[in-house]
Amino acid sequence: MATNCTDYDFLQIEPHWQKLWSDSAAFRTPAIDPSKPKYYVLDMFPYPSGAGLHLGHCENYAITDILARYQRAKGKNVLYPIGWDAFGLPTENYAVKTGRHPREVTIENVATFRRQLKAIGVSYDFEREVDTTDPRYFRWTQWIWLQLFKKGLAYVEEKPVWWCPALGTVLANEEVIDGVSEVGKHPVERRPLRQWVLRITAYAERLLNDLKLVDWPDSTKRMQEAWIGRSEGAELLFALENSALGDLKVFTTRPDTVFGVTFMVIAPEHPLVDALTTPAQREAVAAYRKQAAAKSDLERTDLAKGEKTGVWTGSFAINPANGQKIPVWIADYVIMGYGTGAIMAVPAHDERDYAFAQKFGIPVIQVIEPDHAEGRNGHGTTKLPFVGDGRLVHSDGYSGLGWEEAKKKITADLAARGRGQATINYKLRDWLFSRQRYWGEPFPIVWVNEADYAAATVHAKAAGAALPLPAAPVTCVIEGETRYALPVPEASLPLTLPEVTSYQPTGTGESPLAAITDWVDVWYDAATGHAVPAAQARPAAHYVRARRETNTMPQWAGSCWYYLRYLDPKNDAALAAPEALRYWGGPDIYVGGAEHAVLHRLYARFWHKVLFDLGVVPTPEPFTKLFHQGIILGEDGEKMSKSRGNVANPDDIIRSHGTDTLRLYLMFLGPLEAMKPWNPNGIEGVHRFLQKVWRECVERDTGAPHPKIVDDASATPADLAKLLHETIKKVGDDIEGLRYNTAISAMMIFVNAWQKAERIARRDVLSFLQILAPFAPHLAEELWARIGGAALAPSVGLAAWPAYDPAKLVATEQKVVVQTNGKKRAELLLPVGASESDALAAAQAHPDLVPHLAGKVTKRIIYVPGKILNIVIG
RNA sequence: GCCCGAGUGGCGGAAUGGUAGACGCUUUCGACUUAAAAUCGAAUUUCCGAAAGGGAGUGCGGGUUCGAGUCCCGCCUCGGGCACCA
């Protein structure tokens, strides 16, 4: 089935094999077979943008394709799927600009991606494609969300969120970089809006602890740890001087310094601000709050390096440790979102508190004495602020204690008096989970009033429909009226998007969906999910007036669980069948960029754990092994970008050199995890290598097998046979260790030696083609067919991976380097297992060594058999 | 500021504590050719030397070791992440 070209015509060969693979469904995932080991290779699925595939995609997919082809040859049942993360802003923005439907644009972009992926020869099972915008897919996204909702993990809150006037939408924290939008770099401001929020903080402890269960790059684990940001400390209650106001609760990691508290600080948004502000301070406080609210995150960050600002409330609190009266200030260096939004300030032992105290003339009381000299000035006094460890001073009843011990004791003593308790705090915040956009999954709930909520749930129950109701109803206030979130019945999913004529943001902060009155305001049947526009007559008495949720889910929603859908992508009864979940489990390796190290992987882990708790998935962690490929930079060493004009296009390279060359070169550039610049010159090198393989296999002019390839199994010279087995071993080891660059160089070394041999056994050529096949599958397939591989297997990919013969790897002689005082002087060829005295005798007789040893005393001999003989002389 | 990672020829890079620079690119010379391309062969860290040979050399400064690119300590530079988190 080979082509009939006589030279290496990749333009003919590559499409030829791609068509054969496609027509024969060569990469269809094998059926579940518990007797066979499985291997699941997962790529970070792409966002199908209009720009098509870039080199970064090619790198990512070449890495996984090589693994998938290798594991198939090793006899594993391989699942190697692909899909489309197709909801999201760029498509919607394009739709706004062109007036085309985002679905239409998505379908077009997906077609481009699919064609390009086939053109790079990646062995995906395209029959398992998933598309997050397909209702048959997002039905299950909505289903999972309903489970979260039912568990009380979803709630609604009026939140100050990032509002981007230019985009006309709300952005998540991660979409705001340095105070401007990530997309388009527009300025952003704070604006309170009604939002869905997911209670990821309820899983903080498990998300942190279970990092122990996964084999991830250390840096990624540390990034997640830092993001979760666990800190141990205590919540302490400071009574307010105006006892009618109760207590001020603070979080501190340093309860040992409680005797050094000289003021309190609360965040400008703290709920007690108004109550604590005395009439004399009212004006100053109002001005300060206004000023703080106007600051963008960028300004706050910049100011973090500069001066502290703040204003006194006029009120006092009482230190529970010593009864002292201390002023309560407002300052924006305390943030409402962390801890309790209030702190006890200990200027002597905290840099921020110190800076604040200096600026506002607040006393500084030292309560920790350093154990070591580093904390002291020249004349023996402590350098303040001192944040290191030490012993307590000026702390009645605790002075002299070590700080660790004092933390425990003070916390316990205050707890005994009901003035505090040990707690753990996390930096992780709940997950803002709604967008005011059209192109996303609709939330499968409707808003109804209290009476209708009661009536609707009763009706649904009577009608036999199980609604995923949370224990406590989720409510919010819309236009002055309290509304209840009523989930749609699971059986009515998917809740699809209505058609709209304009994708333009409403500009009010609401999604374009809000403008589709017929969809939004409805008569609604809670038992079936059926709805008719509210403008029509009420169909029946059990229909209630409902308003749909007009927010949509963020892009993360679909990407949080796609790796599960691949296991059983066409199942309409469940997100995946239990047998599929049990057999395939999670991906054996997940390859993707480090840019998703924190958010995507954290969110997916959260959903996975919820599904684990529900018994839907059998494992506590979704991604046991993770690998980040390095970014391919432009020739200039800068990130590839259109504006820089340094983008290399894969299509051009496929046309000029072929995809085998492109793949091989991408893998040869350097370590897969390293960030590396694209260098178009080097591509000739690997292309030459492939041409050389062709020339060694195919006779020029005729296209027949090369005459030096013979059937005599012993035709291959012994040293070439040995090299082949070394190469087979190295390539296998390097693929498993993801060190493809050295695997390729080993194959180059083999081919260089093969070229010098006069004869080679056919079986050895075929073995070589097999190890080349994962990297350059088209060429390997073509040559396999021409050299007679069909006698072994119809396709090179279907032949069992060649075993290397350990007996062939054993040498009879070994090179030993002779050194004097660690300097190389000569090389010896010694029989394997030569003793130290033999080696030394041979060395002493070596002409290169004689002058170095003459007249010197040998002090010591270090002999590492097969490696080195070091003669230490004096 | 804090936490990671990385610094090796003209370039990309290789090297279980054991010959630094594999493999590839680049450049030069040679063979083949009327010529060119392609291909093949040789050279390609640097200094001294005609050569044989010798010295230096993996960001900088120390250390451990018979032996350090690799391990330890202190710096410098670049890249990534976090950043008023109490």
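Proteins come first, then strands; the chains are lettered A, B, ... in the order of their sequence lines, and each starts at number 1.
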Could you tell me how far apart [X] ([atom1]) and [N] ([atom2]) are, to the nearest whole angstrom?
X: A:Asp734; N: B:A14; atom1: CG; atom2: P; result: 11 Å
X: A:Ile873; N: B:G67; atom1: CD1; atom2: C1'; result: 14 Å
X: A:Arg860; N: B:G18; atom1: CZ; atom2: C1'; result: 14 Å
X: A:His628; N: B:C4; atom1: NE2; atom2: P; result: 17 Å
X: A:Lys823; N: B:A68; atom1: NZ; atom2: P; result: 9 Å
X: A:Tyr338; N: B:C82; atom1: OH; atom2: P; result: 17 Å
X: A:Gln629; N: B:G80; atom1: CD; atom2: C1'; result: 15 Å
X: A:Gln224; N: B:C82; atom1: CD; atom2: P; result: 12 Å

Separation between [atom1] of [X] and [atom2] of [Y], rounded to the nearest 0.5 Å:
X: A:Lys308; Y: A:Gln358; atom1: NZ; atom2: CD; value: 12.0 Å
X: A:Leu779; Y: A:Leu690; atom1: CG; atom2: CG; value: 5.5 Å
X: A:Lys639; Y: A:Asn646; atom1: NZ; atom2: CG; value: 11.5 Å

Consider the side chain of [X], meaning its heavy atoms from C-beta on, and name the nucleotide among [options] that approaches it most closely.
X: A:Arg688; options: B:A22, B:G81, B:U39; answer: B:U39
X: A:Phe668; options: B:C66, B:G55, B:G24; answer: B:G24
X: A:Lys824; options: B:C25, B:U19, B:C66; answer: B:U19
X: A:Lys815; options: B:G81, B:U19, B:A14; answer: B:U19
X: A:Pro677; options: B:C82, B:G55, B:G12; answer: B:G12
X: A:Thr252; options: B:A86, B:A22, B:G13; answer: B:A86
X: A:Ser745; options: B:A56, B:A22, B:C25; answer: B:A22
X: A:Tyr333; options: B:C66, B:C84, B:G13; answer: B:C84
X: A:Arg825; options: B:C25, B:A22, B:G54; answer: B:G54
X: A:Phe251; options: B:C4, B:C25, B:A86; answer: B:A86

For [X], answer base if it contacts any base atom (sugar-phosphate contacts may also be present), sugar-phosphate if it contacts only those atoms, and nothing otherwise; contact means non-hydrogen atoms under 4.0 Å.
X: A:Asn741; value: sugar-phosphate
X: A:Gln755; value: sugar-phosphate
X: A:Glu827; value: base
X: A:Lys756; value: sugar-phosphate

Any non-hydrogen side-chain atom of A:Arg605 less than 4.5 Å from a side-chain atom of A:Gln224? yes
Heavy-atom side-chain proximity of A:Met667 to A:Leu672 below 4.5 angstrom: yes
Sticking with atom [atom1], work out how far [N] lies from [M], rounded to a whole angstrom.
N: B:G61; M: B:C76; atom1: C1'; value: 11 Å
N: B:G69; M: B:A56; atom1: C1'; value: 16 Å
N: B:U70; M: B:U45; atom1: P; value: 22 Å
N: B:G12; M: B:G79; atom1: P; value: 16 Å
N: B:A83; M: B:U77; atom1: P; value: 24 Å
N: B:U28; M: B:A37; atom1: P; value: 11 Å
N: B:C60; M: B:C78; atom1: C1'; value: 15 Å
N: B:A36; M: B:G30; atom1: P; value: 11 Å

Judged by modelled atom types alone, do [X] and [Y] share a side-chain donor-acceptor pair under 3.5 Å?
X: A:Glu684; Y: A:His657; value: yes
X: A:Tyr288; Y: A:Thr309; value: yes
X: A:Ser231; Y: A:Asn425; value: no

Map A:Asn752 and A:Asn679 onto RNA chain B by nearest heavy atom, then report which one ends up closer to the 5' terminus. A:Asn679
With both distances kept under 3.5 Å, what pairs with [N], Watson-Crick or G-U wobble?
N: B:C82; result: B:G1
N: B:A31; result: B:U39
N: B:A51; result: none
N: B:G74; result: B:C60
N: B:A15; result: none

Determine the interplanar angle of the A:Phe750 and A:Trp754 rings, folded into 0 to 90°, and report it as parallel if under 30°, tilted if 30 to 60°, perpendicular if over 60°.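 The rings of A:Phe750 and A:Trp754 sit tilted, inter-plane angle from 30° to 60°.
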Parallel, tilted or perpendicular: which one describes the rings of A:Phe360 and A:Phe356, with boundaries at 30° and 60°?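 Aromatic pair A:Phe360/A:Phe356 classed tilted.
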Can you tell me whether the base of B:G9 sits syn or anti, using the 90° cut around 0 to define syn?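 Syn, angle within 90° of zero.
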For RNA chain B, what residues of residues 862-870 of chain A have any heavy atom nearer than 4.0 Å? A:Ile862, A:Val864, A:Lys867, A:Ile868, A:Asn870
Is there a salt bridge (charged side-chain N to carboxylate O under 4.0 Å, His left out) between A:Glu726 and A:Lys722? Walk through the geometry before answering. CA-CA 6 Å; A:Glu726 285 168 353; A:Lys722 175 166 177 268; 3.1 Å; yes
So, is A:Arg700 close to the B:A38 phosphate, meaning a side-chain N or O under 4.0 Å from OP1 or OP2?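 It does not, given that no N or O in the side chain of A:Arg700 lies less than 4.0 Å from OP1 or OP2 of B:A38.
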Under-3.5 Å donor-acceptor pair between A:Lys859 side chain and B:C66 base: no
